[in-house]
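Scroll down for the structure; my scribbles are underneath it.
Bear in mind the structure is a predicted one, so any value in this text is a computation, not a measurement. Each residue takes its place number in the sequence, starting with 1.
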Amino acid sequence: MAAVLGVSALYHDAAAALVVDGRVAAAMQEERFSRQKNDPGLPLRAARACLARAGLGPGDLDAVVFYENPYAKLGRVLRWQLRSFPRSFRQFPKALGAQLGSKLWALDRLAEGLGVERARVTFGEHHRSHAASAFFTSPFDDAAVLTVDGVGEEATTAIWRGRGRSLEPLARLDFPHSIGLFYGALTAYLGFEVNEGEYKVMGLAAFGEPSFGAEFEKILRVGGDGSFELEPSYFAYDEDSEVGFSPALERLLGPRRPYGRPWALEGDAGGGRDAGDRRYADVAASLQAATERALLALAREARRRTGSDALCLAGGVALNAVANARLLREAGFARLFVHPAAGDAGGALGAAVEVALGLGDPRPAPLASASLGLEPDLGETRALALELGLEPRRADDPSALAAELVARGRVVAFCAGRFEWGPRALGQRSLLALPEDPAVRERLNRVVKRREPFRPFAPAALEGEARALFEGAPNDMTPFMTAVCRVRDEARPRLGAVTHVDGTARVQTVTEASSPELFGVLGALARAGAPPVVLNTSLNGPGEPICASGPDALAFFLAHPVDDLLVGDLHFARGRA
């Protein structure tokens, strides 16, 4: 039996994950400790927190594994830059410097930073780490596995066959042909930040029509065997890594949208309409349609090659909840599982599981919950509150109190249990509110979260009640909020704050095992005769990571106009509670 620490870092969303004797003991992103969103740095704080949570020290580790091969990545970057010269002459020093600097020496820095012998530090392969994160934590013994992201060492896309304790590679596509980079470049074109704004594009797409289909067929060509190609003239990876698209893309689609300009879309609460923004919404809808077309072809090819009835997804593109729902409907699979931390963070866990299996450990149990972080320190939180002149009340039953406050129309910041693994708040670090009134959505978007008015919010419902509210729920993705479902017509009047303009919602189904604290809130609502469903969004402000600690949640409460904060059994109220 072994203890293996997996690490992903030095691109974006650094993380550490610990597997002990075949059990996923802890998994945490560095951003939750540094408070820098998508922190790419070496995740030493997250690693130490994982070890502390398991009661281990660095000397107890049998192996530390980095999620990709830094030497192979250097080779790909160097070959591409030289092949593209002289166009790449501005990018060359930056790209090469990044690889020869911190990234090439990642293994040595890990050994030194953690205090472990260098001989115990090794590396995996980027897409294999993604595949392992999805398959080995899934409920399936036999599955097709699809990994789709920007780029790893060379690969951008891969099809695998997972059986028992093994992963067999079947096919792959390499850089520069990449759905992740394609979506990222168009994200920048639409005025959002790459590696951060892609989910905004997904929400925006519902406000448009895919009227640029012919143009996108020129950009992304999909083959009958699931393969695809990007037309290189529309991209600028060798010249501009910040936006990734060339002037030719603007000639095809029109001028890019300026970064940070307020949005005005017909049908949102802004009251205004801008013809240019309608065009950008149509571009977003066309981008989403093209992405779904490519993913559907890949999934059908994976089904053809494996014959499996189950599909596992990982890689940053697997966080596209709209595409995931379509794959489940149309790709020919009966079941679909998406790792909750499907992006680079999840590679840390996949790498750790792969090495642990190689050391003879059993395969982990299926991932029932994403609660893999740390609990809030109530003593620390109370002490800080008193220093700030705040006197919390004690709640005998925090979940029941949260349900009572939500039922009265209050917006509750809820911090309880171990914080979540991945980008979704699943009831441990959440803002909770009633799901009925669209005015609640507007208040949260404009006043509390201060984000674009077209952004939707998610409903969380007891698993046993979800089928009556949402078509296709529950399924293997809904516990982790990685797919959308259509809201049933008869339920829409009760779910106005969580139903997107296209009639869908990114549903979370809740059980006692998946999210015990939120299960308690929903159960208390049901006992009071109210529908066991709430609006659930992440406990963070604009540009901030989701809160991790009690002091983080307290800082949020002081800076944002929510009505109540519950940290464990500590209750802070604004106004008359």
**Request:** Kindly determine whether Asn320 and Glu198 satisfy side-chain hydrogen bond (donor to acceptor under 3.5 Å, both in side chains), including the steps that lead there.
**Result:** CA-CA 8 Å; Asn320 193 310; Glu198 284 82 353; over 6 Å; no

**Prompt:** Could you go step by step and tell me if Ser538 and Lys449 meet the side-chain hydrogen bond (donor to acceptor under 3.5 Å, both in side chains) rule?
**Reply:** CA-CA 9 Å; Ser538 55; Lys449 303 282 280 187; 3.0 Å; yes

**Request:** Starting from the C-alpha separation in whole Å, work towards a yes-or-no answer on side-chain hydrogen bond (donor to acceptor under 3.5 Å, both in side chains) for Thr156 and Ser178.
**Result:** CA-CA 5 Å; Thr156 67; Ser178 164; 4.7 Å; no

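When atom types are taken as modelled, the side chain of Asn536 and the backbone of Ala425 share a donor-acceptor pair closer than 3.5 angstrom. Remark: the backbone N or O of Gly496 is not paired with any side-chain donor or acceptor of Thr499 at under 3.5 angstrom. Between the side chain of Arg488 and the backbone N or O of Arg467 there is at least one donor-acceptor pair closer than 3.5 Å. Listed for the Asp569 side chain is no donor-acceptor partner under 3.5 Å among the backbone atoms of Pro398. A donor-acceptor pair under 3.5 Å is absent between the side-chain atoms of Thr478 and the main chain of Ala473, judged by distance alone. Side-chain N or O atoms of Arg429 include none that pairs as donor or acceptor with a backbone N or O of Ile546 at under 3.5 Å. Between the side chain of Arg32 and the main chain of Glu420, a donor-acceptor pair closer than 3.5 Å is present.
Take Asp552 and apply the salt bridge (charged side-chain N to carboxylate O under 4.0 Å, His left out) test, not counting sequence neighbours, and it matches Arg35. Residues satisfying the salt bridge (charged side-chain N to carboxylate O under 4.0 Å, His left out) test with Glu375, not counting sequence neighbours, are Arg53.
Proximity of Pro139 to Arg335: side-chain heavy atoms (C-beta onward) are separated by under 4.5 Å at one or more points. With a 4.5 Å cut-off on side-chain heavy atoms, Phe337 and Thr482 do not count as touching. With a 4.5 Å cut-off on side-chain heavy atoms, Pro43 and Gln29 do not count as touching. For the pair Arg410/Val562, no side-chain contact is recorded, criterion being any heavy-atom separation below 4.5 Å from C-beta on. Proximity of Leu186 to Phe216: side-chain heavy atoms (C-beta onward) are separated by under 4.5 Å at one or more points. Looking only at side-chain heavy atoms (C-beta outward), Tyr183 and Val201 come within less than 4.5 Å of each other. Proximity of Pro453 to Arg446: side-chain heavy atoms (C-beta onward) are separated by under 4.5 Å at one or more points. In this structure, the side chains of Asp309 and Arg303 come closer than 4.5 Å at one or more pairs of heavy atoms.
Checked against the 6.0 Å centroid threshold, Trp160 and Phe136 do not count as a close aromatic pair.
To the nearest 0.5 Å, atom CG of residue Leu146 and atom NE2 of residue His127 are 10.0 Å apart. Considering CE of Met477 and CG of Asn324, their distance stands at 5.5 Å, rounded to 0.5 Å.
Heavy-atom neighbours of Glu330 CD from other residues, nucleotides or ligands within 6.0 Å: above the threshold of 12.
A cation-pi contact links Arg574 to Phe557, judged by a cut-off of 6.0 Å to the six-membered ring centre and 45° from its axis. Geometrically, Arg257 engages Trp263 in a cation-pi contact defined by less than 6.0 Å to the ring centre and at most 45° from the axis. For the pair Arg443 and Phe457, the cation does not sit on the ring face, since its NZ or CZ is not both under 6.0 Å from the ring centre and inside 45° of the axis.
Of the listed residues (Glu30, Glu196, Glu193, Glu544), just one forms a salt bridge (Lys or Arg N to Asp or Glu O under 4.0 Å) with Lys37, and that residue is Glu196.
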